[in-house]
Amino acid sequence: MSLEVKFGVSTWLWTSPFNKETINLFPRIKGFGYDFVEIPVEDPILIDIQEVKTALADNGLKAVICGAFGTSRDLTNEDPNFHKTCFDYLNGCFEIASGLDCKFVAGPMYSAVGKARLVSPEQKKIEWDRAVSNLRIVCQNARKFGLEIALETLNRFETDLINTCDELMQLITDINEPEAKVILDGFHMNIEEPDPEAAIKLAGDKLIHFQVSENYRGTPGTGQTPWAAFKRGLEAVKYKGVISIESFTPEIKELAGAVCIWKPLAPSQDSFASEGLKFLKKWASEA
């Protein structure tokens with residue numbers, strides 16, 4: 001059975017942060033054959049909504065909006081000022097997503113990326129409850145824009161709060177808001193999920209976005225990723241959304257340091273994008 005999906009690629013594959021110059025990538029992305037461009041919003045002020053909307057239309061592309069959650073954007077912090085910073089930032093993301101006719105904003109918005117520690121069960125419960133109560137507010141804010149949120153699991157080296165789909169589904173149950181949905185990233189799943197097919201099935205109809213790269217963050221089709229298991233899971237939940245390549249360039253030192261990419265993962269970032277899409281289209285279309 002072939003998957004009825006569209007394909008996207010994150011501009012993080014080439015550059016960071018997203019700004020008016022990043023729009024110059026759109027013709028190239030369309031030329032490779034992509035349907036969507038995944039826009040990581042590091043600073044909402046850098047994004048001119050109308051300019052991006054026009055560029056998307058001119059190139060026959062649509063957008064997916066993803067958030068970036070550094071140390072100042074932490075809904076589990078004991079200081080409410082951190083929560084306000086995150087609410088304000090996410091409202092900026094919602095404004096962009098709404099202006100670009102997107103349906104959701106995605107990312108690990110429950111906590112700051114890199115907050116990975118061994119904490120007591122008592123402290124874990126405190127931070128879990130903060131994430132739940134603050135994400136309820138985020139859902140309510142998203143609702144005002146007619147949007148959903150896609151919450152993402154991360155591997156243990158990037159967070160200690162949500163590493164598996166099972167944990168994420170419990171978080172969503174506790175949030176108990178209809179806007180709370182799921183994004184899964186194959187890279188993190190390769191590290192944390194004993195059974196990636198079962199994880200996708202567990203997400204079920206709450207899965208609204210899917211990101212991929214290889215197990216080493218490289219070009220899809222060149223590593224040890226369990227592509228057959230991914231496909232079985234996506235078929236089982238009748239997934240019809242976007243599958244996006246998310247990886248990074250070592251040329252942007254701050255970004256490369258954050259994700260621990262110290263060397264090129266492909267002959268060029270363009271070949272990463274083009275060869276990765278060729279593999280994904282063949283993989284998705286095979287019976």
Give, for atom [atom1] of [X] and atom [atom2] of [Y], the distance between the pair rounded to the nearest 0.5 Å.
| X | Y | atom1 | atom2 | answer |
| --- | --- | --- | --- | --- |
| D166 | M169 | CG | CE | 9.0 Å |
| S133 | H83 | OG | NE2 | 7.5 Å |
| E127 | K125 | CD | NZ | 12.5 Å |
| T159 | E152 | OG1 | CD | 10.5 Å |
| R130 | S111 | CZ | OG | 10.5 Å |
| T54 | N59 | OG1 | CG | 11.0 Å |

Do the non-hydrogen side-chain atoms of [X] and [Y] ever get within less than 4.5 Å of each other?
| X | Y | value |
| --- | --- | --- |
| L280 | Y34 | no |
| V212 | I245 | yes |
| W14 | I29 | yes |
| L135 | V138 | yes |
| I200 | F210 | yes |
| S247 | R217 | yes |
| F272 | V9 | no |
| P108 | I162 | no |

Could you tell me which non-hydrogen atom of [X] sits nearest to which non-hydrogen atom of [Y], and how far apart they are?
| X | Y | result |
| --- | --- | --- |
| G60 | K30 | O-NZ, 3.1 Å |
| W262 | G257 | CZ3-CA, 3.8 Å |
| I172 | K181 | CD1-O, 3.6 Å |
| S16 | E42 | OG-OE2, 2.6 Å |
| L147 | E179 | O-CG, 3.5 Å |
| P27 | N24 | CD-O, 3.4 Å |

Which residue, [options], forms the side chain to side chain contact (heavy atoms under 4.5 Å, CB included) with [X]?
| X | options | result |
| --- | --- | --- |
| I39 | L100, I96, I23 | L100 |
| V37 | L56, T22, V64, V52 | L56 |
| T15 | L255, L25, T249 | L25 |

Q: Verify, without hydrogens or angle tests, whether S285 (side chain) and K281 (backbone) share a donor-acceptor contact under 3.5 angstrom.
A: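 A pair under 3.5 Å: yes.
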(Q) Check whether N215 reaches the backbone of G223 with its side chain - one donor and one acceptor, N or O, closer than 3.5 Å. (A)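 No.
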Q. Does the distance from a Lys or Arg side-chain N to an Asp or Glu carboxylate O, for D48 and K20, drop under 4.0 Å?
A. no
Q) Is it true that K231 and E197 make a salt bridge, defined as a side-chain N closer than 4.0 Å to a carboxylate O? A)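 Salt bridge between K231 and E197, a charged N being under 4.0 Å from a carboxylate O: no.
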Q.
With clusters defined by side-chain heavy atoms of hydrophobic residues (ILVMFWY) lying less than 4.5 Å apart, directly or transitively, does M189 cluster with L3?
A.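 Per the 4.5 Å side-chain linkage, L3 and M189 are co-clustered.
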Q: Start with the C-alpha gap between E275 and K278, add the side-chain angles, then the distance that decides, and say whether salt bridge (Lys or Arg N to Asp or Glu O under 4.0 Å) holds.
A: CA-CA 5 Å; E275 295 304 311; K278 288 177 186 176; 3.2 Å; yes
Q | Check: W227 ring centroid to F279 ring centroid under 6.0 Å | A | yes
(Q) Using side chain to side chain donor-acceptor pair (under 3.5 Å), reason through D79 and N81 one step at a time and then give a plain yes or no. (A) CA-CA 5 Å; D79 185 348; N81 289 321; 3.3 Å; yes
Q: In sequence, state the C-alpha distance, the side-chain angles, and the governing distance for E148 and K103, and then conclude on side-chain contact (heavy atoms from CB on, under 4.5 Å).
A: CA-CA 6 Å; E148 296 175 323; K103 299 182 184 302; 5.5 Å; no
Can you confirm whether [X] is buried at [atom1], in the sense that more than 12 heavy atoms of other residues, nucleotides or ligands lie under 6.0 Å from that atom?
| X | atom1 | value |
| --- | --- | --- |
| E21 | CD | yes |
| D205 | CG | no |
| K62 | NZ | no |

Q) Checking side-chain contact (heavy atoms from CB on, under 4.5 Å) for the pair L151/M109: CA distance, chi angles, key distance, verdict? A) CA-CA 7 Å; L151 297 167; M109 55 191 75; 3.4 Å; yes
Q. Applying the side-chain hydrogen bond (donor to acceptor under 3.5 Å, both in side chains) test to E214, which of N190, T225, T219 qualifies?
A. T225
Q.
Taking side chain to side chain donor-acceptor pair (under 3.5 Å) as the definition, give me every residue that meets it alongside E38, ordered by chain and number, with sequence neighbours left out.
A.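 Once residues adjacent in sequence are excluded, the partners of E38 under the side chain to side chain donor-acceptor pair (under 3.5 Å) criterion are H209, Q211, S244.
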Q: Could you go through the side-chain contact (heavy atoms from CB on, under 4.5 Å) check for K124 and L161 one step at a time?
A: CA-CA 8 Å; K124 183 74 172 280; L161 195 68; 3.8 Å; yes
Q: Just jot down the side chain to side chain contact (heavy atoms under 4.5 Å, CB included) partners of T173, sequence neighbours excluded, or say none.
A: Q170
Q: Go through the steps for F145 and V105 under the test side-chain contact (heavy atoms from CB on, under 4.5 Å), then give the verdict.
A: CA-CA 11 Å; F145 289 89; V105 171; over 6 Å; no
**Q.** Donor-acceptor side-chain pairing of E167 and W128 below 3.5 angstrom
**A.** no
Q) Should the ring pair F69 and Y89 be called parallel, tilted or perpendicular, given that the plane angle runs from 0 to 90° and is split at 30 and 60? A) perpendicular
Q: Would you check, one step at a time, whether the test salt bridge (Lys or Arg N to Asp or Glu O under 4.0 Å) holds for R73 with D43?
A: CA-CA 12 Å; R73 298 168 183 164; D43 185 348; 5.6 Å; no
